[in-house]
Participant: 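Below is one structure. I have some questions about it.
Below, chain A is the first sequence line, B the second, and so on; all start at residue 1. In this text the structure is predicted, and so the values were computed from the model without any measurement.
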Number of protein chains: 2
Amino acid sequence: MNTLQKPSARRLIQLLRSQGPVSRLKLADLLDVQPSTVTRIVNQLLDDGLVVEEADPNRAGRRGYPSKLLQLRPMGLLSAGVFIDPERYYTCIVNALGEVLSEETSSITDRGFSQLMELIGASVDRQTRQLGLQPDRFIGCGISYPGQHTSKPGIVRQTQYFSEWPEIDASKDFAPYFDMPVHQLNDAKCACLAELLFGSCRSVRNFNYVWLSHGIGGAAVIDQSLYLGKSASAAEFGGLFPKSQPRPSGSDLLATIKEAGLAADNLEHISKADLQHESILNWVDRVEQQLKWLSLVITRTMSPDAIVLGGRLPDAIFSELIERLSASKSLGEDHFGPHPTFIRAEADKKPHLGAAALPLYLTTSPNAG
Amino acid sequence: MNTLQKPSARRLIQLLRSQGPVSRLKLADLLDVQPSTVTRIVNQLLDDGLVVEEADPNRAGRRGYPSKLLQLRPMGLLSAGVFIDPERYYTCIVNALGEVLSEETSSITDRGFSQLMELIGASVDRQTRQLGLQPDRFIGCGISYPGQHTSKPGIVRQTQYFSEWPEIDASKDFAPYFDMPVHQLNDAKCACLAELLFGSCRSVRNFNYVWLSHGIGGAAVIDQSLYLGKSASAAEFGGLFPKSQPRPSGSDLLATIKEAGLAADNLEHISKADLQHESILNWVDRVEQQLKWLSLVITRTMSPDAIVLGGRLPDAIFSELIERLSASKSLGEDHFGPHPTFIRAEADKKPHLGAAALPLYLTTSPNAG
DNA sequence: TTTTTAATTTGCGCTTCGCAATATAATGCT
DNA sequence: AGCATTATATTGCGAAGCGCAAATTAAAAA
């Protein structure tokens, strides 16, 4: 696996992810190197079992040496992911393509740190064994949960739900419970990585992710690499919507639902009928305006190619918001000209997938790790 | 000058700029390479006349081989700068350290594009000859003026003052008037480059520049490299303050001054007495609030290490604003924890210096050009 | 004068990559 | 079938960059 230390190999892997199966010649063109260079790098990656070759079906019937397409080998890289909710935890094993090989979830009864981590560590271990894999074949375990980072790098502010937790230092506090390297990042930023590696942003250079769950988070990707800023708090869009005011968050939606006397008591239980209720329609109208404003702010600061919306709100709401934002002529006063593209996140349904994306990102992205 | 193509040489030059005179050993440490590598790169740079060696005065009296300090050779790189105002143009010749070797300015009478460019080209030419230099020793000429970039890359939207100008395409329209490569970027982003290369931000990794002149502009530097975003419109902070409303711009200040019946009719003519006038004091109060809000927005999106204030407002106003922003406990509701540092720009007095910084940046920065 | 110390340089070998020549596997032509 | 043509991939060679270890240099200290 030493190959992953080499920047050229990482760049190649990145291209395989974004450009699907490609020939060596195309890769050489995209990387702006000689075909011979690609051959050499690919040979190492083949040796290490990180990529596989297959025949090019579209190439049949044409003249010349038939190109062989290269692809990431699904089992070439394995990663574990852990997402910790206030109420449940989710764990999974994921391959190089972001396919979930196995997952478990359980509600959290005992919120003590070490008790919970014992359970989670055991869950990852169990799935590893059930798949017949060795922990040392894993590139790492990513841990994700709602919360902001403190000014000390790598340390996460205790979330409101886990007030008895210590301030988490990923490298020290999580490590004892896993047989592999452990990394952590908050839910929004992990979700963004899933989008970058497996989802709709595989070939978008610069984008901003707006994460609407119970709370509001976000992430920024610049040049296909996660930009964290000072104290890993870049793109913390939640901070632009004061908690004392109505805001475009899941909690706020649930409060609206409750006020309207509807039944749903959690984001997964909102029915189609609920969405037609007037107070919810009003909620969406308001959130549309708030996101328009946020998009203007993002456009005026980061000026990304795309703004991606994802999170745990009902799918129908996301679709509606994307549609309305895409259709809007202007994002605000004095704004004219083209918007960034608005994109619906594809990989936000399983937050533990985002967590699993983190080790893959750190070890395969050219500018990270 | 072929040395400047090499990334390692560029990285070394960047360090010389930010770390002042340094020994080879220190450079090796900073670059995380072997001292022998530094020796080899430095030898080339010495050959090319880009750096010079000098004795280390602090080293006298101590044992061992005395370290020799390396520095950029001032005349090793030359650049021309042009700033075009609605009313005047400014031209200059600048060396590698950002020292202005020569400058000229003149009011603009004929606003026709080719007439004006003839004059400007002649001005650069004249100064070049008066200094006894050859145009081919120049690394380029930078052109800067107020205005936003259009969606076509490299094309600047015609400014309101030069409505008869075509949409400028730097590489084509400017080139004929100069005997060296020409580059262009708007005033705010050029000013930011001056700050990055010569001013207060030489060793700040990520920062945002807030440019307050007649209008409002801005720029973003990520990892010591200018981030432009889509259509080079990242950090166009002016777009966050609608023109129909009071806003923190020089034009707005001048309007306030006029309304108060004060004499000053341009930003350079504001007197100390004027600044004590109640309406101006109120103006500063309002602008403080607007910049606080902008700083919150910047912090929540880019999360930079520093926010830099510069432009053509009176110095006293900048000092006052920096002081107040630095002292503020919070930038807005729900904001706590540390701010970014607020910094007063050092290199904003001569906008043509910013223009001259552009070719230097493009040819010596590791991630540009 | 010799020793010690610290910064720099030199020699050697490994790795990476571009360039040009070659190999390979398919189709098309006679 | 046999040979030409074509497109893709590979191999061999040489140049460049860099780490490592040994050598060199210029100063102070013994």
Participant: Hey, is CG on B:D32 packed in by over 12 heavy atoms from elsewhere, all under 6.0 Å?
Facilitator: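 Not more than 12 within 6.0 Å, no.
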Participant: Can you give me the first and the last nucleotide of DNA chain D (5' to 3') that has an atom within less than 4.0 angstrom of a non-hydrogen atom in chain A?
Facilitator: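 The contacted stretch runs from D:dT5 to D:dG12.
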Participant: So, A:E53 and A:R73, do they make that salt bridge, N to O below 4.0 Å?
Facilitator: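 Here A:E53 does not pair with A:R73 in a salt bridge, since their nearest N and O are not under 4.0 Å apart.
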Participant: Let's see if you can work this out: which of C:dG28, C:dT8, C:dC19 has an atom nearest to the side-chain heavy atoms of A:R63?
Facilitator: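 Nearest nucleotide to the side chain: C:dG28.
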Participant: Could you tell me whether B:S67 contacts a base, only the sugar-phosphate backbone, or nothing, with contacts defined as non-hydrogen atoms closer than 4.0 Å?
Facilitator: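 Contact class for B:S67: sugar-phosphate only.
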Participant: Could you check B:Y65 against A:P66 and say which one's nearest nucleotide on DNA chain D is further toward the 5' end?
Facilitator: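 The residue closer to the strand's 5' end, by nearest nucleotide, is A:P66.
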Participant: Measure from NZ on A:K68 to P on C:dT24 and round the result to the nearest Å.
Facilitator: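 So the NZ-P distance, A:K68 to C:dT24, works out to 11 Å.
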Participant: To the nearest angstrom, how far is B:Q34 atom CD from C:dA7 atom P?
Facilitator: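 The answer, rounded to whole Å, is 15 Å.
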Participant: Would you kindly give the CG-to-P distance between B:L27 and C:dT8, to the nearest whole Å?
Facilitator: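 Going from CG in B:L27 over to P in C:dT8 covers 9 Å.
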Participant: Applying a 4.0 Å non-hydrogen cut-off, can you work out what B:V38 is touching in the nucleic acid: base, sugar-phosphate, or nothing?
Facilitator: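 No contact at all - B:V38 keeps every heavy atom at 4.0 Å or more from the nucleic acid.
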Participant: Write down the distance between CZ (B:R59) and P (C:dT5), rounded to a whole number of angstrom.
Facilitator: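 Atom-to-atom, B:R59 to C:dT5, this comes out as 13 Å.
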Participant: Go through B:D56 and B:K68 one step at a time and tell me if the salt bridge (Lys or Arg N to Asp or Glu O under 4.0 Å) criterion holds.
Facilitator: CA-CA 6 Å; B:D56 182 350; B:K68 290 168 277 182; over 6 Å; no
Participant: Sub-3.5 Å donor-acceptor pair from the side chain of A:R10 to the main-chain atoms of A:A368, do we have one?
Facilitator: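 Side chain of A:R10 to backbone of A:A368: a pair is present.
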Participant: Give the rounded distance in Å between these two atoms: CG of A:D56 and P of C:dA25.
Facilitator: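 Value for this atom pair: 16 Å.
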Participant: Can you tell me if B:R17 uses its side chain to pair, donor with acceptor, with the backbone of B:F198 under 3.5 Å?
Facilitator: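 Looks like no, no N/O pair under 3.5 Å.
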Participant: In terms of side-chain heavy atoms, does A:S23 have a donor or acceptor partner in A:R59 at a distance below 3.5 Å?
Facilitator: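 There is no such pair (donor and acceptor under 3.5 Å, judged by atom type) between the side chains of A:S23 and A:R59.
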Participant: Round to the nearest Å and state the distance from B:K26 atom NZ to C:dA6 atom C1'.
Facilitator: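 Atom-to-atom, B:K26 to C:dA6, this comes out as 16 Å.
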Participant: Would one find a side-chain N or O of A:T37 under 4.0 angstrom from OP1 or OP2 of C:dG18?
Facilitator: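 Yes, A:T37 has a side-chain N/O under 4.0 Å of OP1/OP2 on C:dG18.
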Participant: Over all strands shown, is B:R62 touching base, sugar-phosphate only, or nothing at heavy-atom distances under 4.0 angstrom?
Facilitator: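 The answer is sugar-phosphate, as B:R62 gets under 4.0 Å only of primed atoms, P, OP1 or OP2.
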Participant: Please state how far atom CG in B:L30 lies from atom C1' in C:dA7, giving the value in whole angstrom units.
Facilitator: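 One finds 16 Å between C1' of C:dA7 and CG of B:L30, rounded.
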Participant: Where each residue is assigned the nucleotide of DNA chain C containing its nearest heavy atom, which of A:A60 and B:L69 is assigned the position nearer the 5′ end?
Facilitator: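 Going by which nucleotide is closer to the 5' end, it is B:L69.
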Participant: Any base atoms under 4.0 Å from A:R40, or only sugar-phosphate, or nothing? Heavy atoms, all strands.
Facilitator: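 Answer is base: heavy atoms of A:R40 come under 4.0 Å of a base.
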Participant: Distance check needed: C:dA25 C1' versus A:L25 CG, whole Å only.
Facilitator: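 Atom CG in A:L25 sits about 15 Å away from atom C1' in C:dA25.
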Participant: Okay, side chain of A:E195, backbone of A:A345: is any donor-acceptor separation there less than 3.5 Å?
Facilitator: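 The answer is no, because no donor-acceptor pair under 3.5 Å joins these two groups.
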